[in-house]
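Written below as structure tokens is the structure these notes are about.
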Protein chains: 2
Amino acid sequence: MTNLERIWKDQLYQEFARIGKCLSSPKRLELIDLLAQGPKSVDQLSKITGMSVANVSQHLQTLHESRLVRFNKKGNYVIYEIAERSVADFMVSLHRLSEKQLVEVQRLKTEILQHHASMEPIALEELMVLMEKGEVLLLDVRPEDEYIMGHIPGAISIPIEQLEKHLATLPVNKEIVAYCRGPYCLMSARAVEILKSIGIKASRIEEGVHEWKRYVEHSNISPKEIL
Amino acid sequence: MTNLERIWKDQLYQEFARIGKCLSSPKRLELIDLLAQGPKSVDQLSKITGMSVANVSQHLQTLHESRLVRFNKKGNYVIYEIAERSVADFMVSLHRLSEKQLVEVQRLKTEILQHHASMEPIALEELMVLMEKGEVLLLDVRPEDEYIMGHIPGAISIPIEQLEKHLATLPVNKEIVAYCRGPYCLMSARAVEILKSIGIKASRIEEGVHEWKRYVEHSNISPKEIL
DNA sequence: CAACTATTCAATTGTTTTATTGAATATTTC
DNA sequence: GAAATATTCAATAAAACAATTGAATAGTTG
């Protein structure tokens with residue numbers, strides 16, 4: 001290899017590693033995951049994650065330097081969002097790889113399921129069948145703005161905090177399946193607990209919007225429009 | 001969010017970040033890319049990359065802790081390889097994301113093309129058409145063991161160092177298309193230079209085996225067996 | 001325009017990471 | 001079994017990073 005080639009390769013891999021650096025901090029990964037669900041301000045992110053505002057801001061700047069996120073200023077707020085859909089897709093890949101390779105991730109996932117008794121999720125495939133038959137109501141329990149940004153077709157939106165208030169409006173004859181931000185979000189599990197406690201037949205899927213997109217794109221099922 | 005939930009999430013993201021940490025060092029990324037082409041010993045990797053043996057060994061151990069690579073001992077050598085095909089796929093994703101988001105990567109790619117005059121690659125799609133017609137000979141210029149590990153169907157193997165010796169055996173009536181490890185490997189460019197210098201019509205694709213696999217899987221073209 | 005809010009900046013701390021060196025281990029070959 | 005080879009280990013020094021704090025900025029509301 002020529003010397004020039006070596007320098008070129010070093011520069012190139014230096015760049016790839018910039019993306020890698022963004023992924024090397026747990027806090028930053030959590031921020032990307034949250035932004036993948038929809039745009040959020042710095043202090044929203046600070047409140048959700050429990051990090052200090054300054055700390056969040058700093059992490060967001062790191063992410064911005066690698067062009068994984070972008071922002072708009074809206075009045076007093078700075079609203080960050082992921083730079084591209086492909087960033088969210090990439091995060092799904094990272095999670096899948098982590099689950100495949102790291103036993104510890106698998107262990108943590110089953111551990112939390114034991115705390116939420118009988119919260120075993122149903123398969124996405126199974127949900128599809130049930131929805132075809134119209135036997136099931138799909139419930140998106142994320143905050144409403146995330147639902148508006150994109151959701152699984154056919155789902156209705158009841159954010160988890162409002163679920164108890166809206167219990168009366170739910171059909172009694174249908175089974176309910178809840179979903180939230182994805183496999184590492186527990187809002188859908190909490191929803192199932194609430195629903196089951198008042199005698200409604202309920203379950204959850206562990207997939208979120210991005211995992212669902214990946215699923216339909218890989219299984220060649222007609223990729224319906226996202227409403 | 002409950003306190004327990006916060007702890008759980010922190011542990012989970014800590015784990016994801018372990019994979020991220022592996023990707024945060026340029027040298028480690030280069031090692032993964034090389035291993036994605038086929039198993040290699042520590043000192044092979046040391047020689048290819050120009051790093052010290054101890055340094056390579058240390059990086060490989062980091063990769064092993066995150067289960068991205070595995071190894072077998074063969075006599076005096078320790079042969080490392082990627083732990084799963086999905087690791088190679090993930091690297092393709094990372095490269096694609098980097099190229100999309102980082103202008104600097106795009107700049108570096110065009111920069112090197114100016115050094116190798118008229119090395120503009122042809123599209124994979126174009127190659128497929130040409131191969132259907134039988135108008136083209138596809139040449140894999142990587143080391144032979146990497147070819148044996150997996151190659152694009154229909155390709156023949158002539159490692160770049162042996163190309164000049166084997167020039168006589170090449171058909172004169174066919175155009176030749178060369179490929180190597182992927183978009184950041186310059187062996188195929190060197191091959192085209194050699195071929196053109198003696199008047200053979202030649203070009204290259206920038207894709208390697210993994211990029212090719214991704215291509216056929218996403219375009220639903222019959223995914224022929226890899227020979 | 002003064003008080004307030006959201007965000008960023010700058011400086012500091014303690015921690016991790018990287019590359020390097022030389023020694024230690026394990027396997028093979030003669 | 002001694003010499004040679006491939007790899008790992010351990011210790012070090014330099015560099016990069018993460019979280020924290022308090023001050024600075026910029027936009028908003030009364």
Side-chain angles (χ1 to χ4, degrees), chain A residues 6-7 9-11 13-32 34-35 39-66 68-81 145, chain B residues 6-7 9-11 13-32 34-35 39-66 68-81 145:
Chain A
R6 188 63 262 167
I7 292 169
K9 266 196 185 163
D10 283 347
Q11 290 179 330
Y13 277 95
Q14 192 77 48
E15 291 298 314
F16 298 145
R18 284 177 57 172
I19 306 273
K21 285 219 178 71
C22 288
L23 311 174
S24 69
S25 149
K27 301 295 184 187
R28 275 197 295 266
L29 290 175
E30 199 177 345
L31 290 175
I32 304 175
L34 284 167
L35 291 177
K40 286 176 183 58
S41 71
V42 179
D43 84 341
Q44 253 183 310
L45 290 167
S46 156
K47 271 163 196 146
I48 301 177
T49 59
M51 292 185 245
S52 76
V53 173
N55 200 188
V56 171
S57 174
Q58 215 164 300
H59 280 308
L60 288 171
Q61 277 169 65
T62 309
L63 293 174
H64 184 251
E65 275 164 32
S66 304
L68 294 183
V69 303
R70 61 181 178 209
F71 61 85
N72 304 77
K73 303 199 178 183
K74 277 242 175 72
N76 223 329
Y77 294 82
V78 179
I79 309 292
Y80 279 85
E81 61 191 331
D145 58 303
Chain B
R6 187 64 262 169
I7 293 170
K9 264 196 189 164
D10 282 348
Q11 290 179 330
Y13 277 96
Q14 192 77 49
E15 290 299 313
F16 298 145
R18 283 177 59 170
I19 305 273
K21 286 220 177 71
C22 288
L23 311 174
S24 69
S25 150
K27 300 295 185 188
R28 274 195 296 265
L29 290 175
E30 198 177 346
L31 290 175
I32 303 175
L34 284 167
L35 290 177
K40 287 178 181 56
S41 71
V42 179
D43 85 340
Q44 254 182 309
L45 290 167
S46 156
K47 271 164 195 145
I48 300 177
T49 60
M51 292 184 245
S52 76
V53 173
N55 201 359
V56 171
S57 175
Q58 214 164 300
H59 280 307
L60 289 171
Q61 276 168 65
T62 309
L63 293 173
H64 185 250
E65 275 164 30
S66 303
L68 295 184
V69 304
R70 62 181 178 207
F71 62 84
N72 306 75
K73 302 199 179 185
K74 277 245 174 70
N76 223 329
Y77 294 82
V78 178
I79 309 292
Y80 280 84
E81 63 191 332
D145 58 305

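For A:Lys47, the side chain to side chain contact (heavy atoms under 4.5 Å, CB included) partners are A:Asp43, not counting sequence neighbours. Applying the ring-ring contact (aromatic ring centres under 6.0 Å, His included) criterion to A:Tyr13, with sequence neighbours excluded, gives A:Phe16. Not counting sequence neighbours, A:Ser46 has no partner by the side chain to side chain donor-acceptor pair (under 3.5 Å) test.
When the side-chain nitrogen and oxygen atoms of A:Tyr77 are compared with OP1 and OP2 of C:dT8, none of them lie within a distance under 4.0 Å. B:Arg28 has a side-chain polar atom (N or O) that falls below the 4.0 Å cut-off from OP1 or OP2 of C:dT18.
Note on residues 16-26 of chain B: pairs passing salt bridge (charged side-chain N to carboxylate O under 4.0 Å, His left out), not counting sequence neighbours, are B:Glu15-B:Arg18.
In the model, B:Thr62 has no side-chain atom that pairs as donor or acceptor with a side-chain atom of B:Gln58 under 3.5 Å.
The side-chain heavy atoms of B:Val78 and B:Leu60, taken from C-beta on, include no pair separated by under 4.5 Å.
To the nearest angstrom, C1' of C:dT16 lies 13 Å from NZ of A:Lys21. Rounded to an integer number of Å, the gap from A:Leu23 CG to D:dC17 C1' is 15 Å. In this entry the distance linking CG of B:Asp43 with P of D:dA4 reads 18 Å, nearest Å. Put simply, CD1 on A:Ile79 is 11 Å from P on C:dT8, counting in whole angstrom units. For the pair B:Lys27 NZ and C:dT20 C1', the interatomic distance rounds to 14 Å; values are reported in whole Å. In this structure, A:Leu31 places its CG atom 13 Å from P of C:dT7, rounding to the nearest Å. The nearest whole Å value for the distance from the CD atom in A:Glu65 to the P atom in C:dT8 is 12 Å. A:Gln14 places its CD atom 12 Å from the C1' atom of C:dT18, with the value rounded to the nearest Å.
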Give each protein N/O atom lying under 3.5 Å from an N/O atom of nucleotides 25-30 of chain C, with the pair distance.
from, atom 1, to, atom 2, distance (Å)
C:dT27, O2, B:Asn76, ND2, 3.1

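Taking every heavy atom of residues 51-61 of chain A and every atom of DNA chain D, pairs under 4.0 Å involve A:Ala54, A:Asn55, A:Gln58, A:His59, by number.
Distances were taken from every side-chain heavy atom of B:Ser24 (C-beta onward) to each of C:dT18, D:dT8, C:dT8; the shortest belongs to C:dT18.
Between A:Leu29 and A:Leu23, the shortest heavy-atom distance links the atoms CD1-O, 3.5 Å.
Within the nucleic acid shown, A:Phe71 has no heavy atom closer than 4.0 Å to any nucleic acid atom.
Comment: A:Arg6 engages B:Glu30 in a salt bridge, judged by a side-chain N to carboxylate O separation of less than 4.0 angstrom.
In this structure, the separation between CD on A:Gln44 and OH on A:Tyr80 is 13.5 Å, given to the nearest 0.5 Å.
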